[in-house]
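Note sheet for the following structure.
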Amino acid sequence: MKLFSKEQIYEGDRLTTERQNISSTDLMERAGTQIFNWMHMRMQGAQVPVHVFCGIGNNGGDGLVLARHLTTHGYNVITYVVNYSETRSKDFLINYDRIKNVSKDWPKMMTNSANFPKIHKDDIIVDAVFGIGLNRPPAEWVAEIFQKFRASSAFTLSIDIPSGLYTDKAIANENAVVHANYTLSFQSPKLVFFLPETAKFTVQWEVLDIGIDRDYLVNTETEAELISKFEILPLYKPREKFAHKGNFGHALIIGGSHGKIGAVNLASRSCLSSGAGLVTAFVPECGYHSLQASIPEVMVLTDKEERYISDIKFNIEPNAIGIGIGLDTREETMKALESFLEINKNNLVVDADGINIIARKKSLLKLLPPQTILTPHPKELERLIGKWSDDFDKLDKVKSLSSMYNLIIVVKGANTVIVYKEKIYINTTGNPGMATAGTGDVLTGIITGLIAQGYEPLPATLFAVYIHGRSADIAVEDYGYQSLIASHIIETIGEAYIDLFKPPEQTTEPAQEQEEQQ
Ligand SMILES: NC(=O)C1=CN([C@@H]2O[C@H](COP(=O)(O)OP(=O)(O)OC[C@H]3O[C@@H](n4cnc5c(N)ncnc54)[C@H](OP(=O)(O)O)[C@@H]3O)[C@@H](O)[C@H]2O)[C@H](O)CC1
Ligand SMILES: [K+]
């Protein structure tokens with residue numbers, strides 16, 4: 001799913017009104033009516049007090065359209081105008097007049113937070129104060145109103161975006177943002193719904209289709225894209241009936257040091273479970289017996305050193321190499337990695353201490369083959385790109401590193417983000433249970449295994465991050481967040497593959513109930 005920028009949304013609006021020969025007021029009527037339909041479906045006439053807070057722009061206009069429909073359908077609605085500016089948008093004014101024609105209780109003007117109404121925790125708040133037009137911090141009294149929303153504990157529904165959130169930059173003051181229980185966003189979700197610092201303001205979100213021009217939506221390239229089953233399924237490579245293990249490549253996993261052979265164990269197993277035909281592990285001598293005993297399917301080559309990697313030499317022709325897990329960053333190992341990178345031409349996935357070594361000696365970056373994949377967790381990323389001031393600054397730094405060295409960078413997080421040059425892909429699978437030792441090793445194995453099978457590096461990365469998270473979502477159902485461990489994620493990779501072909505979950509309501517609601 002494409003994530004359109006603020007500028008692209010405004011452009012889409014303009015083109016839609018032109019091509020469909022409608023006014024912006026008609027488009028606002030569509031938007032507000034869609035919000036009303038969503039609420040009406042769920043409220044079914046319930047007389048819960050609905051407090052609609054409107055700004056003076058088009059987000060506010062949406063709120064007035066909603067309030068008008070709630071009123072004419074007999075709901076218990078109270079409308080407020082948060083009067084933070086004297087400049088009203090045209091469509092706000094048109095809808096301000098329209099609502100006055102259908103209700104004797106005209107919208108209440110608010111110019112400070114003192115006359116904030118009493119709101120019961122079972123009431124509903126609709127936040128139509130700011131939309132994507134927010135371009136400077138809200139006034140203090142407006143921020144106080146947002147804080148009173150939260151203090152009321154009432155269910156808060158934000159229109160388009162929680163007010164106080166910018167679409168394209170970090171927020172200065174978290175107290176000046178609405179905490180939405182639910183956000184109904186027009187045409188596409190916004191990037192800030194998925195970034196670590198701002199995702200918390202949008203607990204749940206849903207996209208409402210307001211009929212923006214289809215050609216525009218299809219033909220407009222966006223910087224950011226949401227990756228879910230729909231985008232992953234077309235990447236899947238089916239298997240021929242008469243396939244044999246040679247068709248699915250030979251992956252090499254290089255890593256491990258005394259006490260950290262398990263990382264290579266996890267990566268090698270997940271590499272096999274991702275479908276690689278053959279997997280070889282290259283480890284210090286101390287890892288030989290444990291690997292051969294624990295994963296008979298994996299072949300093992302060893303370094304001449306007992307406890308750490310000192311000289312990476314192998315007599316196989318791998319199709320893909322995953323390197324860095326459990327590697328250790330001592331001098332001899334750093335030298336071994338440098339000598340390896342000087343001659344390596346293979347597709348490469350670099351993780352963990354592999355990244356830490358490169359972060360220490362940045363000149364190694366230019367030795368990485370095109371489309372090398374780096375999979376840093378936040379601490380490793382900071383060592384690589386330095387400190388960042390906020391999520392947007394982080395993404396800018398990652399994009400420039402990616403462009404400079406032609407790298408694919410996996411920025412692990414609650415929504416893992418894959419960055420390739422100027423493009424951002426946001427994964428939608430995964431859960432907090434994955435914050436446990438070894439899940440990164442498992443991901444490295446899956447990416448390496450997919451490349452070994454012939455997936456190009458970027459699709460392999462998108463696919464692997466998706467499957468890794470989906471597999472953890474399946475496993476967490478049995479183990480819960482606290483008890484999920486990396487090995488469990490390997491066990492459910494198969495189910496995650498099978499899940500790709502299951503139709504999206506049907507609603508649990510029996511068919512006849514759905515008919516009754518028509
Ligand atoms: N295709 C769609 O998605 C549609 C979305 N719709 C809705 O339109 C809003 C965007 O509306 P817009 O009028 O552009 O902006 P806002 O309503 O978010 O803001 C109103 C104006 O307020 C001014 N502003 C910005 N920040 C502040 C601030 N901190 N304090 C005071 N005033 C502020 C700014 O105007 P200026 O001239 O003062 O800069 C804003 O323009 C979108 O989110 C949807 O809800 C359409 O209804 C239909 C199509
Ligand atoms: K809003």
Side-chain angles (χ1 to χ4, degrees), residues 2-20 22-36 51-66 68 80-96 110-111 125-143 145-146 149 156-169 171-173 176-190 192-193 201-202 205 207-214 216-217 220:
K2 292 178 180 176
L3 300 185
F4 293 92
S5 69
K6 170 174 177 170
E7 294 71 23
Q8 288 173 328
I9 290 170
Y10 285 128
E11 174 61 5
D13 284 3
R14 189 186 63 75
L15 276 176
T16 301
T17 50
E18 251 174 47
R19 293 179 182 173
Q20 297 178 13
I22 58 170
S23 69
S24 60
T25 315
D26 299 328
L27 193 55
M28 178 175 284
E29 188 64 24
R30 271 190 205 167
T33 306
Q34 285 281 45
I35 303 272
F36 167 73
H51 304 267
V52 184
F53 291 83
C54 303
I56 45 71
N58 288 346
N59 194 247
D62 294 344
L64 291 173
V65 173
L66 168 68
R68 188 176 84 239
Y80 311 83
V81 172
V82 180
N83 199 23
Y84 52 70
S85 164
E86 283 320 307
T87 49
R88 281 99 169 78
S89 75
K90 171 179 72 68
D91 292 328
F92 168 88
L93 291 171
I94 289 170
N95 282 289
Y96 187 63
M110 294 180 78
T111 52
I125 290 171
V126 175
D127 155 36
V129 181
F130 288 111
I132 61 172
L134 181 81
N135 55 28
R136 51 194 189 275
E140 187 48 41
W141 69 271
V142 177
I145 286 178
F146 297 165
F149 286 176
T156 301
L157 174 70
S158 280
I159 291 184
D160 206 22
I161 187 171
S163 295
L165 272 190
Y166 299 106
T167 56
D168 50 6
K169 63 182 183 194
I171 39 173
N173 167 13
V177 183
V178 169
H179 284 255
N181 298 93
Y182 217 102
T183 302
L184 293 176
S185 203
F186 300 122
Q187 220 56 56
S188 93
K190 297 359 181 206
V192 283
F193 294 2
F201 297 107
T202 322
W205 58 271
V207 166
L208 296 181
D209 184 345
I210 57 174
I212 297 299
D213 182 70
R214 277 271 161 266
Y216 178 74
L217 296 176
T220 301

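Atoms within each ligand, like the ligands themselves, are counted from 1 in listed order. Everything quoted here is computed from the prediction, not taken from an experiment. Residue numbers run from 1 in the order of the sequence given.
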- Task: Please calculate the OD2(Asp127)-the K ion (ligand 2)-O(Ile161) angle and round it to 10 degrees.
- Result: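 Rounding to the nearest 10 degrees gives 80°.
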- Message: Within rounding of 10°, what is the angle whose vertex is the K ion (ligand 2) and whose arms end at OG of Ser163 and O of Phe130?
- Response: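 About 70°, to the nearest ten degrees.
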Pick from [options]: the one approaching [atom] most closely through a non-hydrogen atom:
atom: atom 49 (C) of ligand 1; options: Asp13, Asp160, Ile132; value: Asp13
atom: atom 30 (N) of ligand 1; options: Phe92, Phe4, Phe130; value: Phe130
atom: atom 44 (C) of ligand 1; options: Asp62, Thr25, Ile56, Asn58; value: Asp62

- Message: Can you tell me which portion of Ile210 lies within the under-4.0 Å heavy-atom range of ligand 1? Options are side chain, backbone, both, or neither.
- Response: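 The part of Ile210 near ligand 1 is the side chain, not the backbone.
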- Message: Pairs of nitrogen or oxygen atoms closer than 3.5 Å, one from Ser89 and one from ligand 1: do any exist?
- Response: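 No, Ser89 has no N/O under 3.5 Å of an N/O on ligand 1.
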- Is any N or O atom of Leu27, backbone or side chain, closer than 3.5 Å to an N or O atom of ligand 1?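 In fact, backbone or side chain, Leu27 has no N or O that close.
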- Task: Provide the closest heavy-atom pair for Ile132 versus Lys6 in the form atom of the first, atom of the second, distance.
- Result: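 Looks like O-CE, 3.0 Å.
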- Of all heavy-atom pairs between Ser163 and Phe130, which one has the smallest distance, and what is that distance?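 Closest approach of Ser163 to Phe130, heavy atoms only: OG-N, 2.8 Å.
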- Quick one: does atom 18 (O) of ligand 1 have a protein heavy atom under 4.0 Å from it?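 There is a protein heavy atom less than 4.0 Å from atom 18 (O) of ligand 1.
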- Message: At a threshold of 3.4 Å, where the distance has to be below it, does the K ion (ligand 2) have an N, O or S atom of Val178 nearby?
- Response: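 Val178 does not place any N, O or S atom closer than 3.4 Å to the K ion (ligand 2).
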- Message: With a cut-off of 3.4 Å, does Thr183 put an N/O/S atom close enough to the K ion (ligand 2)?
- Response: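 It does not: Thr183 brings no N, O or S atom closer than 3.4 Å to the K ion (ligand 2).
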- Can you sort out which atoms of ligand 1 are near Ile9, meaning under 4.0 Å from one of its heavy atoms?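 By the 4.0 Å cutoff, the relevant atoms are 1 (N), 2 (C), 3 (O).
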- Item | Protein residue, atom and distance nearest to atom 41 (O) of ligand 1, heavy-atom basis |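 The protein heavy atom lying closest is Gly133 O, 4.3 Å.
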- Query: Using 30° and 60° as the class limits, which term best fits the ring planes of Phe146 and Phe149: parallel, tilted or perpendicular?
  - Reply: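 Taking Phe149 first and then Phe146, their aromatic rings sit tilted (interplane angle of 30° to 60°).
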